[in-house]
Amino acid sequence: MALRAALRQKCGLIGILSQPSSSGSHSRVSAVLVSQMRNNATSPKIKVDFNQSTGVAVLSMQSPPVNSLSLDFLTELCISVEKLEMDRACRGLIITSSLPKVFSAGLDILEMYGKSPERCGEFWRAVQEMWLKMYSSNMVTIAAINGSSPAGGCLLSLTCDYRIMSDNPRYSIGLNETLLGIVAPFGTDKNIIKNTHTCSN
Ligand SMILES: CC/C=C\CC(=O)SCCNC(=O)CCNC(=O)[C@H](O)C(C)(C)COP(=O)(O)OP(=O)(O)OC[C@H]1O[C@@H](n2cnc3c(N)ncnc32)[C@H](O)[C@@H]1OP(=O)(O)O
């Protein structure tokens, strides 16, 4: 009930949460901490509001123009989730966007062009770390999809236990990268139909 109330309060959406996450524990301190200093030099791409009384954290993506998943963004996202994961008081996590119209545009296309093999490796490891961390989280996770969410944005939402999307015909969601032969990680499609809901905004 507390999770439902927090969801209403933050997003004006209808909550549907009642089940605990069935995923396993995950408390490994990640190598992404190495990158934290670099991220601190720029304005934060992620904002976290943790409500101690409800045990629910709201993680807002705030990286204009479209919350694209760059290496820095993914690093910050993973660090934020990891910190919450280690806080036993935090039972639920809502991921949403602070930007109008866009939840996330998916992987940052600029990370996939003209980069060194080392940088590419680091980037794809960060992508993998993101979905593994989210998918194996002990917290109950909800994507409050308040804008378009193509490709990696859709993938991010699929790593959550539940998805609620604003019922707005201008917002699109889907794994459009499959047209290029890029396949989302196995397992993320399991609960999309069962646990995806829409609501008016
Ligand atoms: C397992 C692997 C999984 C996934 C692979 C991927 O994720 S590949 C990335 C695929 N992503 C896309 O195809 C999304 C493309 N973007 C869009 O469809 C639209 O931008 C979106 C998100 C619907 C928003 O539309 P809107 O009209 O609001 O913005 P606009 O298109 O004008 O974009 C604004 C600026 O953002 C830049 N941008 C958009 N998407 C990306 C991206 N993925 N990476 C980097 N940059 C992106 C766009 O170029 C604009 O830049 P500007 O300098 O202002 O021209």
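Source: prediction; values computed, not measured.
Taking OG1 from T96 and CE from M61, the interatomic distance works out to 6.5 Å, rounded to the nearest 0.5 Å. Taking CG of L71 as the reference point, atom CD of E76 lies at 11.5 Å (rounded to 0.5 Å). Taking OG of S137 as the reference point, atom NZ of K133 lies at 9.5 Å (rounded to 0.5 Å). I109 contributes atom CD1, which lies 12.5 Å from atom OG of S70 (distance to the nearest 0.5 angstrom). Atom CG of residue L59 and atom NZ of residue K83 lie 11.5 Å apart, to the nearest 0.5 angstrom. Distance OG/S149 to OH/Y171: 12.0 Å, rounded to 0.5 Å.
Residues I95 and M134 form a side-chain contact, since some pair of their non-hydrogen atoms from C-beta on lies under 4.5 Å apart. The closest side-chain heavy-atom distance from C160 to I142 is not below 4.5 Å. Annotation: side chain of D87 is in contact with side chain of F50 (closest heavy-atom distance under 4.5 Å).
Listed for the S166 side chain is no donor-acceptor partner under 3.5 Å among the backbone atoms of N168. Side-chain N or O atoms of E85 include one that pairs as donor or acceptor with a backbone N or O of N138 at under 3.5 Å. At least one donor-acceptor pair closer than 3.5 Å links the side chain of R163 to the backbone N or O of S157. No side-chain donor-acceptor contact under 3.5 Å links R170 to the backbone of S148. Q62 places no side-chain N or O within donor-acceptor distance of the main-chain N or O of S98, the cut-off being under 3.5 Å. Under a 3.5 Å cut-off, the side chain of T141 and the backbone N or O of D161 do form a donor-acceptor pair.
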Does I79 form a side-chain contact (heavy atoms from CB on, under 4.5 Å) with I46? I'd like the steps, not just the answer. CA-CA 10 Å; I79 290 169; I46 303 288; over 6 Å; no

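One hydrophobic cluster, built from ILVMFWY side chains closer than 4.5 Å, holds both F103 and V48. Linking ILVMFWY residues whenever their side-chain heavy atoms come closer than 4.5 Å, directly or via other members, leaves V102 and L107 in distinct clusters. Cluster membership check: L155 does not share its hydrophobic cluster with I182, using side-chain heavy-atom separations under 4.5 Å among Ile, Leu, Val, Met, Phe, Trp and Tyr. Linking Ile, Leu, Val, Met, Phe, Trp and Tyr whenever their side-chain heavy atoms come within less than 4.5 Å leaves L156 and V66 in two separate clusters.
In this structure, Y135 and L158 approach most closely via the heavy-atom pair CE1-O, 4.2 Å. Across all their heavy atoms, C90 and L84 have their closest contact at CB-O, 3.7 Å. G152 and L69 make their closest contact through O-CD1, 3.8 Å (heavy atoms, listed as atom of the first residue, atom of the second, distance). For the pair P64 and L99, the tightest heavy-atom approach, listed with the atom from each and the gap, is CA-CD1, 3.9 Å. Between E118 and R125 the shortest heavy-atom distance is O-NH2, 4.5 Å. Here the closest heavy-atom approach between residue L74 and residue F123 is recorded as CD1-CE1, 3.9 Å.
Annotation: salt bridge (charged side-chain N to carboxylate O under 4.0 Å, His left out) contacts of E111 (sequence neighbours excluded): R119. Residues meeting the side-chain hydrogen bond (donor to acceptor under 3.5 Å, both in side chains) test with S97, sequence neighbours left out: N67.
Summarising the local packing, NZ of K115 is surrounded by more than 12 heavy atoms from other residues, nucleotides or ligands at distances under 6.0 Å.
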